[in-house]
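For reference, the structure is listed below as structure tokens.
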Amino acid sequence: MDKRFPQYDELDLPKVGEEVLKQWEAEDTFGQSLELRKGAPPFVFYEGPPSANGLPGIHHVMARAIKDIFCRYQTQKGHRVDRKAGWDTHGLPIELGVEKELGITKEDIGKKISIEEYNAACKKAVMRYTDVWNDMTRRIGFWLDLEKPYVTYHTKYIESVWHLLKKLYDEDLLYKGYTIQPYSPAAGTGLSSHELNQPGTYKPVKDTSAVALFKVKPDHASEFLFKDAFGDVFIMAWTTTPWTLPSNTALTVGPKLDYVRVKTFNPYTHEPQTVVLAKARLNAYFRPDQEQPMHAILSGALGVAEEDAFANYDKNGKLIPWQIIGEFYGHQLEGVRYEQLLPYATPEGGGDAFKVIGGDFVTTEDGTGVVHTAPSFGADDQRVARQHNIGSLTLVDLRGRFKPEVTDFAGEYVKAEYYTDGERAAEAIKQGRDKYLSVDERIAIKLKTEGRAFRVEKYEHNYPHCWRTDKPVLYYPLDSWFVRVTAKKDRLIALNKTINWKPESTGTGRFGNWLENLQDWNLSRSRYWGIPLPIWRTAEGDEELCIGSLKQLKEEIAKSVKAGVMAADPYASFKADDMSDANYDTVDLHRPYVDNIVLVSPSGKPMKRETDLIDVWFDSGSMPYAQWHYPFENEATFKEKFPAAFIAEGVDQTRGWFYTLHAIATLTQDSVAYRTVVSNGLVLDKVGQKMSKRLGNAVDPFKTLDQYGADAVRWYMISNASPWDNLKFDAEGITEVQRKFFRALFNTYNFFALYANIDGFEHDPSFLRWTPGSTEPANPALTELDRWVLARLNLLLIECDKAYSDYEPTVAARAIQEFVVEDMSNWYVRLNRRRFWKGEQGDDKKAAFQTLYRCLEVVAMISAPIAPFFSDRLYRDLTGKSVHLSNWPVQPAATVSGSEMVSAMRMIVFVSRCRR
RNA sequence: AGUCCUGUAGCUCAGUUGGUUAGAGCGCUACACUGAUAAUGUAGAGGUCCGCAGUUCAAAUCUGCGCAGGACUACCA
């Protein structure tokens, strides 16, 4: 018997995947598919670089499948789709991993270990899992050029980034400023706002909150507060960060808010006192049933009951009497002076500290309506203090510890989380307690005993955490370089409106709102392993130079050597204008090498490099240019491949890569960086919980691929939910996909192969030369059922074409599945079995074979983007060629009459079903 | 607190521009079939389409207000 069409005993998807993969590798099918489209119009795809520092998870399978689907589809549609892999190699995740491995902290770098050795360790560590990543990429069938990836630490890549920075600098879009920024003491660096906007950074925490009492100084401005005062007069201010209280230099009130003076007792010392707070916040701190009527005072006749309440106050009881003895507006408080709460130091830079000022950001939603203002540790605080010429007190160092001036707590971390468990235990012994008390708690105790606390309690709120170290972030004053993105806000918004977002709401909502509230991009990172900021400055900061290329750097070094500032050119071996890799390999632009370069200013002064590195997000946002070493090389390639037609990453990249691509493209090219962006949702476990190592519900991608095969996993992920919906990952769903879709397709093929081999079937395309729904006559041998299934197939083809080109793979997958399981397998094959069995040859039999062949062939082609392995096997078994080298099936134009045809045929099927 | 997404059968999800009695698969019950089928077919049970109000001849669908879950934002003292 002729075995032209291979028959199989059973369906083993993992085995099919493995065999097809070997075939691809043996004959370089990917390379062939690119070769085939050489000179064809390009479809530009950008691969977002993963960090090879961590292991891939199941969500990466999802993300990579989505990318692959549209690249394969566009290839079938006749486009050339180059896909260059990339690696994100710099930044905190790598540095922290290396620190942990070497058992050092940031402080040790440059001391216990040289920067050179440290960076070498980072470089070595970063590509640690590339093999695992490459393996996963291959096994899920994601075609990507892994041989020539772009790598962000390569000299050429860095040179391109420097060029972009210089371009920004020349257009006055790069500046240095001193501002309060999110700062991670654990990581030892400031953070950008989009790093703080990574998922999971804001976490609910319980902190010690305190309402502190600031003692008012009697003078002309505060005179009205002392009328009929009961004991000393205090202003109440709430804080969730008592460690900032030693740095307090002002109190801020809302000028238009109502405030009151309240006569009462201190709840801890039981001393008589008069406190000031916003009227709207009274019930938060005072029990209504303990209020003593105010009219007694106004009338001048003290009531007996009131006399009793204050005179008979029980120090051991919980009930504290109180009475409003004055009401006024916030602006009346402005200028009132108070005693420094914790007088450890005097404010830096002078200024007129320790007084009440007005600020429009004050609310009465919580707290006391008076904001404790520490200009060093709050952005609002700094701004308002600057306006009122009030100095600041930065009593915490860069590692998050109190400075020596804060005698009681000198050298201690301000957040307990910065200690390891062991260190905390040691501190507890030092404190002479069996349990460690944080500085927040001890400051609160100190305030209580000194009569400077009104209330101390635990308060649960969301607090930002460093996305890498998981430790709380502090707001800290830092000198940093910024990209002035706010200057181009309108363009960013306008260009965003031209981008096709999938789903649309991410672009208009999440991303659009983000652009509306744009802040300048903090580029500075005080670290070691990253792209150095190419700016050299004199000590006074009056002259500076931004370097945009190695050639320029060489020229400046030559000037410096000539002027005698530098002894020799450390990059002497590098030849400008020689673009060979060998030439570029002689240069390392990382620290510490660039730090050793001292340039000379026009006036002859030495200029040193600003020691900061740049935010790694700038690295990845630069990939459209730097992956081609543009503008130094490949200008034509860059121009052809910018902007991208399509990118896809997780929705968590909205403020990450999607943003940095958009920002850099808008600022440097006045263009979008991508025309369509698919932001896929999260992969959750089967009960809808986020997967994490901690919960132990993470799914191992390799095990899953081994067990089910890449096709089933991909088909399941795509058919189950739209890419942007969160996917509840349930392995049983994959089994179902295997059983339903793949088995039906497999069985249909096997049925076909069995009889085709018996009968020596030959494919004859001319036999079917007919357009469903058209007026041309069909081959009379085609039965109504043949024509029906061909019409259905035609509609399916049109639907899938539209779905793929609209980036709706789920619609395509579901339609194909429906056709295969219902129309083709259940109905067409079942109702036509006898035509395949019967002995005599003839046009009727031929019609059945040609029709089924056509169905299988088209199904293989249109499911190829989603299930690249099985579809390739099927197509090869039918035609002997790879489906990935095929063209998308030509679809006949008619659709309307086709659909009429389908509904008519539905009826026929219905009737035959009844007859059966 | 704000922005966005989601809410339809026990589970996973369809449901076009509003339009007969709201659907599929899985699971469940019963029967049938089994010459490609670790299948399949037929029948059945199972729904306050998250709630309330509105627009309309007509609302799962449109509008408003809520509720629940999720993601994201926030200088929150």
Side-chain angles (χ1 to χ4, degrees), chain A residues 7-8 10-11 179-182 193-194 196-202 209-212 237-241 244-245 248 251-252 359 361-363 365-374 377-384 459 461-464 475 503-514 516-517 519 650-652 654-655 679 681-682 684 686-690 716 719-722 724-730 732-733 735-741 743-744 746-755 810-811 814-815 817-818 821-822 825-826 829-830 833-834 836-837 913-914 916:
Chain A
Q7 291 168 236
Y8 303 91
E10 55 170 6
L11 175 62
T179 55
I180 307 296
Q181 292 154 29
S193 47
H194 49 258
L196 216 53
N197 290 335
Q198 291 304 299
T201 50
Y202 277 82
S209 75
V211 174
W238 179 61
T239 182
T240 53
T241 50
T244 61
L245 286 170
N248 171 282
L251 292 172
T252 310
F361 59 89
V362 180
T363 68
E365 275 160 34
D366 44 26
T368 62
V370 182
V371 176
H372 143 60
T373 303
F377 305 115
D380 270 339
D381 305 38
Q382 194 219 18
R383 205 189 62 234
V384 74
Y459 178 76
H461 63 147
N462 282 328
Y463 196 84
Y475 288 88
E504 196 195 339
S505 59
T506 302
T508 52
R510 189 178 291 193
F511 195 65
N513 291 342
W514 163 258
E516 294 290 342
N517 302 311
Q519 307 269 325
V651 67
D652 56 344
T654 306
R655 276 133 179 151
S679 80
L682 301 167
L684 308 169
K686 63 177 176 182
V687 287
Q689 280 227 305
K690 203 170 169 173
Y716 162 70
S719 65
N720 189 63
S722 286
W724 32 90
D725 285 335
N726 290 345
L727 174 71
K728 288 184 196 165
F729 188 89
D730 185 355
E732 279 188 37
T735 321
E736 196 181 318
V737 158
Q738 261 180 342
R739 280 207 322 263
K740 301 293 292 184
F741 174 67
R743 184 153 293 144
F746 168 82
N747 285 333
T748 306
Y749 166 77
N750 245 7
F751 169 83
F752 167 82
L754 175 65
Y755 293 102
T810 308
V811 172
R814 285 174 177 170
Q817 191 164 308
E818 163 91 12
V821 175
E822 294 300 324
S825 173
N826 273 355
V829 172
R830 182 136 59 89
R833 268 185 292 211
R834 283 176 183 79
F836 292 90
W837 301 337
R913 185 197 327 175
C914 296
R916 186 175 177 275

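Just so you know, these numbers come straight off a predicted model, no measurement behind them. In what follows, every chain begins at residue 1, and chains take the letters A, B, ... in the order their sequences are listed.
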Collect all protein-nucleotide pairs involving nucleotides 2-5 of chain B in which both atoms are nitrogen or oxygen and the distance is under 3.5 Å.
residue : atom : partner  : partner atom : Å
B:U3    : O2'  : A:Asn513 : ND2          : 2.5

[X] has a side chain; which of [options] sits nearest to it?
X        : options             : value
A:Phe751 : B:A36, B:A14, B:G25 : B:A36
A:Lys728 : B:U37, B:U12, B:C26 : B:U12
A:Thr241 : B:A77, B:C75, B:A14 : B:A77

> Does A:Lys740 have a side-chain nitrogen or oxygen under 4.0 Å from the phosphate oxygens OP1 or OP2 of B:U40?
Replying inline: yes

With a 4.0 Å cut-off on heavy atoms, is [X] in touch with a base, just the backbone sugar-phosphate, or nothing at all?
X        : value
A:Tyr755 : sugar-phosphate
A:Asn726 : sugar-phosphate
A:Asn720 : sugar-phosphate
A:Ser825 : base
A:Val829 : base

Pairwise [atom1] distance for [N] and [M], with rounding to whole Å:
N     : M     : atom1 : answer
B:U12 : B:U55 : C1'   : 34 Å
B:A58 : B:G18 : C1'   : 8 Å
B:G46 : B:C26 : C1'   : 14 Å
B:C62 : B:A24 : P     : 23 Å

Searching all strands shown, indicate the nucleotide that pairs with [N] (Watson-Crick or G-U wobble; both distances under 3.5 Å).
N     : answer
B:A59 : none
B:A36 : none
B:C4  : B:G70
B:G51 : B:C65
B:A24 : B:U12

> Are the aromatic ring centres of A:Phe836 and A:Phe751 under 6.0 angstrom apart?
Replying inline: yes

> Taking it one step at a time, do A:Tyr716 and A:Phe729 satisfy ring pair (Phe, Tyr, Trp, His ring centres under 6.0 Å)?
Replying inline: CA-CA 9 Å; A:Tyr716 162 70; A:Phe729 188 89; 5.8 Å; yes

By side chain to side chain donor-acceptor pair (under 3.5 Å), which residues pair with [X], not counting sequence neighbours?
X        : answer
A:Thr252 : A:Thr373
A:Gln738 : none
A:Thr748 : none

>> Taking donor-acceptor contacts at under 3.5 Å, does the side chain of A:Arg739 reach the base of B:U37?
In response: no

> Residues two or more places apart in sequence or in another chain: which of them pass ring-ring contact (aromatic ring centres under 6.0 Å, His included) with A:Phe746?
Replying inline: none

> Got a sec, which residues hit side chain to side chain contact (heavy atoms under 4.5 Å, CB included) with A:Ala753, two or more places apart in sequence or on another chain?
Replying inline: A:Phe5, A:Gln7, A:Tyr749, A:Asn757

